[in-house]
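Let me begin by presenting the structure, written as structure tokens, before commenting on it.
No hydrogens, no waters, no symmetry mates; every other heavy atom, side chains included, goes into these values. This one's a predicted model, so the numbers in the text were calculated from it and none came from an experiment.
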Amino acid sequence: MTTPKPGSILLGSAKPVELRDWYRKTLAPDHEGEGPIDLGGFRVAIEHRLDVGTKNNEPGRMILNFHVDDFDAAEAQLRAAGVDWLVPAEDRPAGRFATFVDPDGNYLQIIQFNRHS
């Protein structure tokens with residue numbers, strides 16, 4: 001059996017326009033259009049859903065991780081975009097991590113793994 005490769009995620013939102021704008025501003029400032037946002041080959045689709053609240057009540061169930069080669073540059077870009085940090089940059093045994101929150105309350109992380117991890 002072939003191992004499936006994740007290619008996208010669907011984020012359901014009560015406020016999809018605002019959430020899409022935040023993802024564009026924060027992670028893909030050059031993205032244009034209304035379709036999925038391409039984040040280096042991984043796509044984020046955002047759609048209006050009636051079965052979700054305005055805030056994610058269990059944001060730790062799924063965390064969207066972004067692996068970066070230059071942690072300081074990624075952190076600076078996110079700071080410039082004005083993200084809300086849940087956990088500021090910290091060194092862990094596996095590498096450097098920082099967790100931030102989108103407007104719907106979902107958690108996202110930037111990670112720069114150590115070379116030996």
Is [Y] reachable from [X] through a run of hydrophobic residues whose side-chain heavy atoms are each under 4.5 Å from the next?
| X | Y | result |
| --- | --- | --- |
| Val44 | Tyr107 | no |
| Ile111 | Leu78 | no |
| Ile63 | Val101 | yes |
| Leu108 | Ile9 | yes |
| Phe42 | Met62 | yes |

Quick one: pull up [atom1] in [X] and [atom2] in [Y] and give me the separation to the nearest 0.5 Å.
| X | Y | atom1 | atom2 | value |
| --- | --- | --- | --- | --- |
| Asp102 | Leu64 | CG | CG | 9.0 Å |
| Arg20 | Ser13 | CZ | OG | 9.0 Å |
| Ile37 | Ser8 | CD1 | OG | 12.0 Å |
| Leu39 | Phe66 | CG | CZ | 5.0 Å |

Please report the closest heavy-atom contact between [X] and [Y], naming both atoms and the distance.
| X | Y | result |
| --- | --- | --- |
| Val52 | Ala14 | CG2-N, 3.9 Å |
| Phe71 | Ala98 | CZ-CB, 3.7 Å |
| Thr54 | Lys15 | CG2-CE, 4.5 Å |
| Gln109 | Thr99 | OE1-OG1, 3.1 Å |
| Gln112 | Val68 | CG-O, 3.4 Å |
| Leu27 | Phe100 | CD2-CZ, 4.4 Å |

What residue pairs, at least two apart or across chains, pass salt bridge (Lys or Arg N to Asp or Glu O under 4.0 Å) with a residue in residues 80-93?
->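 Only Glu90-Arg92, Asp91-Arg96 qualify under salt bridge (Lys or Arg N to Asp or Glu O under 4.0 Å).
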
For the residue pair Phe97 and Phe113, categorise the inter-ring angle as parallel (less than 30°), tilted (30 to 60°) or perpendicular (more than 60°).
->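 Perpendicular: the ring planes of Phe97 and Phe113 meet at over 60°.
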
Between [X] (side chain only) and [Y] (backbone N and O only), is there a donor and an acceptor less than 3.5 Å apart?
| X | Y | result |
| --- | --- | --- |
| Lys25 | Ala81 | yes |
| Asp104 | Asn106 | no |
| Glu47 | Pro16 | no |

Determine whether more than 12 heavy atoms belonging to other residues, nucleotides or ligands lie under 6.0 Å from atom [atom1] of [X].
| X | atom1 | value |
| --- | --- | --- |
| Lys55 | NZ | yes |
| Arg24 | CZ | yes |
| Asp70 | CG | yes |

Please tell me if the side chains of Ile46 and Trp22 come closer than 4.5 Å, counting only heavy atoms from C-beta onward.
->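 Counting from C-beta outward, Ile46 and Trp22 never come under 4.5 Å.
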
